[in-house]
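Order of the sequence lines sets the chain letters (A, B, ...), proteins ahead of strands, with each chain counted from 1. Values reported hereafter were calculated over all heavy atoms of this structure, with side chains retained and with hydrogens, waters and symmetry mates removed. These numbers come from a predicted model, not from an experiment.
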Amino acid sequence: MAENEDLYAAQSSEPDTVTEITPKSEDFSRWYIDIVRRAELGDYTPVRGCMVIRPYGYALWENSRDRLDARLKATGHQNAYFPMFIPESLLKKEAEHVEGFAPEVAWVTHGGDEPLEERLAVRPTSEAIICSLYSKWVKSWRDLPLLINQWANIVRWEKVTKFFLRTLEFLWQEGHTVHATEQEAEEETLRILEIYRDFMESDLAIPVITGLKSESEKFAGALRTYTLEAMMGDGRALQAGTSHNLGQNFAKAFNIRFEDQDQQLKYAWTTSWGVTTRLMGALIMAHGDDKGLMLPPKVAPYQVVIVPIPGKHFTESVLPAARSLQDMLTAEGFRVHLDAREEYTPGWKYNEWELRGVPVRAEIGPRDVGKGQAVLVRRDNREKAFVPLDQIPDEVRALLDSLQQSMYDRAKQFMGDQTRQVSDYETFGEIMSGPRGFIEAGWCGDSDCENTIQEETRATIRCLPSGREAPAGSCVRCDNPAKHLAIFAKAY
RNA sequence: CGGGGCGUAGCGCAGCCCGGUAGCGCACCUGCUUCGGGAGUAGGGGGUCGCUGGUUCAAAUCCAGUCGCCCCGACCA
């Protein structure tokens with residue numbers, strides 16, 4: 001092995017700098033934008049606030065989407081597609097709902113040159129259009145539960161935008177379900193929350209805190225909103241998904257009624273829930289480093305990139321060996337890319353694919369061909385391993401598993417390190433103006449107190465975490481007793 | 001939407017103050033030599049200076065407006 005290390009130009013002792021990317025520590029926001037563009041995840045467009053998701057970024061979204069979609073189908077949900085236009089009168093049926101979304105609705109007022117009799121909202125979310133149809137489809141208790149999901153685009157006229165995190169148009173899934181009882185609706189809301197949590201942690205390797213939103217943060221028109229909060233590399237919180245128990249609010253507004261087994265006509269209970277392309281931003285900000293992206297193996301567009309090393313007998317021996325390695329790994333079910341471009345040097349390719357976050361790199365050169373082996377290098381710590389060809393699939397599998405786990409562990413450790421228990425308001429303020437992160441503190445439950453904290457510290461209540469008791473003593477800001485344990489943070 | 005900053009080649013920037021032939025680095029194209037951690041060399045291509053209007057013999061440069069992007073807020077997935 002020592003011989004190998006000498007022969008194969010050891011791991012670089014150079015600092016991990018990529019000239020095209022601003023260091024994370026220097027300017028986190030710039031670092032983020034640099035990665036999105038340089039890794040070709042997305043780009044600006046001629047349309048304000050609207051991004052293009054480029055093929056590499058879209059592949060990442062597709063892989064994520066497919067894995068979540070499988071979980072939703074496995075729990076009895078079916079996909080459908082509803083119109084993107086919502087007549088104004090329909091949107092106005094649920095008062096809180098329209099009030100919450102009105103400021104950011106895009107309106108269609110003309111068809112060609114003809115003014116419309118009633119203007120159409122471009123959906124900012126689909127409760128209104130979907131519930132209007134559910135009122136036709138739900139007649140009997142036998143029709144319930146109704147479990148439908150749609151993958152769609154959404155438009156919200158945001159004032160300030162940021163790649164993936166907040167764009168005028170974005171992609172998401174939105175589930176809309178109807179149930180016979182309050183309990184069944186609550187069970188569904190929590191079932192989805194758990195599906196999201198498992199998806200975030202198992203697939204995206206991003207640990208989350210789940211819990212209830214405060215009244216002021218809950219979805220417009222909901223009874224209650226559950227959320228998943230993740231921590232980004234700069235100590236700010238990102239709402240990664242929400243699951244709403246809508247109670248009977250929408251059923252009453254849209255007249256979704258069914259005749260129950262006791263022959264009584266009853267209003268149904270509904271839920272809605274969604275996650276968006278924002279999660280691609282979360283992947284960048286939770287895992288990336290100064291070398292660029294670091295993608296969890298389960299959703300990475302390429303799990304393995306093969307870099308053949310040119311030499312004297314490149315086309316006769318090394319390239320065929322690289323192709324054969326590609327075929328072998330593809331046959332084993334891995335997502336593999338062979339970078340056989342001759343205009344770039346191996347060193348350039350190493351940096352390039354690290355920037356793009358590929359979990360495992362396989363190098364194969366003249367010396368490897370002679371020895372019947374390849375060099376495997378993992379993205380996170382760049383450890384090299386010299387592996388005989390017949391053991392490569394097993395070794396790749398092990399590396400991907402290990403990487404998936406260690407990425408989660410690292411993010412979990414970071415979130416833990418950046419979470420602080422605070423009981424006095426002065427310390428609260430110092431943390432929020434300094435290192436940020438999550439603060440666990442007692443809260444009296446009063447929204448005025450919540451608003452004051454936000455005005456004074458910029459921190460909001462991200463959630464009231466599930467299964468956690470209120471701490472003894474008073475609210476972190478006022479003298480009233482703490483009713484809840486709350487997670488505070490500055491949020492995206 | 002309020003405060004601040006920035007728009008010049010694909011990216012990063014200089015030139016602007018003091019108006020007069022649009023430049024640099026990287027990237028890109030071609031040849032040759034290279035290739036195990038961002039190769040060397042010799043050639044080469046690419047920009048009506050965000051947009052609109054004004055001042056002027058003459059505008060990247062001065063003036064006005066407008067659009068976009070970034071940061072800090074308000075709002076939000």
* Structure fact -> When I364(A) and R458(A) are each assigned the nearest nucleotide of RNA chain B, the 5'-most assignment goes to I364(A)

* To do: State whether the distance check finds a donor on one side and an acceptor on the other, under 3.5 Å, for side chain R156(A) versus base C76(B).
  => no

* Asked: Can you tell which of G37(B), C76(B), C70(B) lies closest to the side chain of E104(A)?
  -> C76(B)

* Validation row, ring centre Y425(A) to ring centre F428(A) under 6.0 Å -> yes

* Structure fact -> Between F219(A) and the options E96(A), K213(A), R224(A), E127(A), the side-chain contact (heavy atoms from CB on, under 4.5 Å) test singles out E127(A)

* Scan R48(A) against the nucleic acid and name what it touches under 4.0 Å (heavy atoms): base, sugar-phosphate only, or nothing. => sugar-phosphate

* Please work out if Q239(A) contacts a base, only the sugar-phosphate, or nothing of the nucleic acid, heavy-atom cut-off 4.0 Å. => sugar-phosphate

* Separation of G38(B) C1' from R382(A) CZ (nearest whole Å) -> 12 Å

* Given atom CZ of R367(A) and atom C1' of G36(B), what is their separation to the nearest angstrom? -> 9 Å

* Which nucleotide, in any strand shown, forms a Watson-Crick or G-U wobble pair with A39(B), with both distances under 3.5 Å? -> U33(B)

* Spacing between R37(A) atom CZ and C26(B) atom P, to the nearest angstrom -> 20 Å

* So, is Q373(A) close to the G36(B) phosphate, meaning a side-chain N or O under 4.0 Å from OP1 or OP2? -> no

* **Rounded C1' spacing from C32(B) to A58(B) in Å** => 47 Å

* Structure fact -> When R462(A) and G311(A) are each assigned the nearest nucleotide of RNA chain B, the 5'-most assignment goes to G311(A)

* Asked: What integer number of Å spans the P atoms of C17(B) and U61(B)?
  -> 9 Å

* At under 4.0 Å between heavy atoms, what does V160(A) touch on the DNA or RNA strands: base, sugar-phosphate, or nothing? -> base

* Axial cation check for Y350(A) ring with R361(A), 6.0 Å and 45° limits -> yes

* **Spacing of CG belonging to L325(A) relative to CD1 belonging to I392(A), to within rounding of 0.5 Å** => 5.0 Å

* Tell me which nucleotide among C1(B), C70(B), G36(B) gets nearest to the side chain of P346(A). => G36(B)

* **L68(A): which of M200(A), Q173(A), K73(A) passes side-chain contact (heavy atoms from CB on, under 4.5 Å)** => Q173(A)

* Selected nucleotide, minimal atom distance to R361(A) side chain, candidates G38(B), G36(B), G37(B) -> G37(B)

* Would one find a side-chain N or O of T345(A) under 4.0 angstrom from OP1 or OP2 of G38(B)? -> no

* **Contact under 4.0 Å: Y44(A) side-chain N or O vs C70(B) OP1/OP2** => yes

* To do: Quickly work out the R38(A) CZ to G10(B) P distance and round it to whole Å.
  => 16 Å

* Structure fact -> From the candidates G37(B), G12(B), G73(B), the one with an atom nearest any side-chain atom of R30(A) is G12(B)

* To do: Tell me the partner of G68(B), counting only Watson-Crick (N1-N3 plus N6-O4 or O6-N4) or G-U wobble (N1-O2 and O6-N3) with both under 3.5 Å; none if nothing fits.
  => C6(B)

* To do: For nucleotides G37(B) and A59(B), find the distance between their C1' atoms and express it as a whole number of Å.
  => 48 Å

* Just name whichever nucleotide pairs with C18(B), Watson-Crick or G-U, keeping both distances under 3.5 Å, else none. => none

* Consider the side chain of L355(A), meaning its heavy atoms from C-beta on, and name the nucleotide among C35(B), G38(B), C1(B) that approaches it most closely. => G38(B)

* To do: For U41(B) and A27(B), measure between their P atoms and round to the nearest Å.
  => 12 Å

* To do: With heavy atoms under 4.0 Å as the rule, sort G100(A) into base, sugar-phosphate or nothing.
  => nothing

* Structure fact -> As its Watson-Crick or G-U partner within any shown strand, both distances under 3.5 Å, C62(B) has G54(B)

* Under 6.0 Å between the ring centres of F163(A) and Y44(A)? -> yes

* Asked: What is the distance from CH2 of W157(A) to C1' of A74(B), rounded to the nearest Å?
  -> 20 Å

* Specify the separation, in whole Å, of atom CD1 of I309(A) and atom P of A39(B). => 12 Å

* Of the nucleotides G37(B), G68(B), A74(B), which one has an atom closest to the side chain of E354(A)? -> G37(B)

* Among R38(A), K349(A), K291(A), the one residue meeting salt bridge (Lys or Arg N to Asp or Glu O under 4.0 Å) with E354(A) -> K291(A)

* Whole-angstrom distance between G53(B) and A14(B), as gauged at atom P -> 28 Å

* To do: Any chance you could measure I129(A), atom CD1, to R123(A), atom CZ, to the nearest 0.5 Å?
  => 9.5 Å

* In whole angstrom, give the distance that lies between atom NZ of K349(A) and atom P of G37(B). => 13 Å

* If you measure from the C1' atom in A60(B) to the same atom in C75(B), how many Å do you get, rounded? -> 37 Å

* Classify the nucleic acid contact of Q454(A) as base, sugar-phosphate or nothing, counting any heavy atom under 4.0 Å across all strands shown. => sugar-phosphate

* Roughly, in whole Å, what's the span from NZ in K490(A) to C1' in C71(B)? -> 14 Å

* Asked: Just checking, R356(A) and Y56(A): is the charged tip under 6.0 Å from the six-membered ring centre and within 45° of the axis?
  -> yes

* Asked: With sugar-phosphate meaning primed atoms plus P, OP1 and OP2, does L165(A) contact a base, only sugar-phosphate, or nothing at under 4.0 Å between heavy atoms?
  -> base

* **P spacing across the pair G25(B) / G43(B), given as an integer number of angstrom** => 14 Å

* Should C1(B) form a Watson-Crick or G-U wobble pair with both distances under 3.5 Å, which nucleotide is its partner? -> G73(B)

* **Rounded distance in Å between the P positions of C16(B) and U21(B)** => 13 Å

* Name the nucleic acid region contacted by T225(A), choosing base, sugar-phosphate or nothing; use a 4.0 angstrom heavy-atom cut-off, strictly under. => nothing

* To do: Considering just the side-chain nitrogens and oxygens of K162(A), establish if one lies under 4.0 Å of OP1 or OP2 belonging to C70(B).
  => no

* **Nearest to side-chain heavy atoms of Y350(A), which nucleotide of C35(B), G37(B), G68(B)** => G37(B)

* Asked: C28(B) phosphate, OP1 or OP2: any side-chain N/O from Y344(A) under 4.0 angstrom?
  -> yes

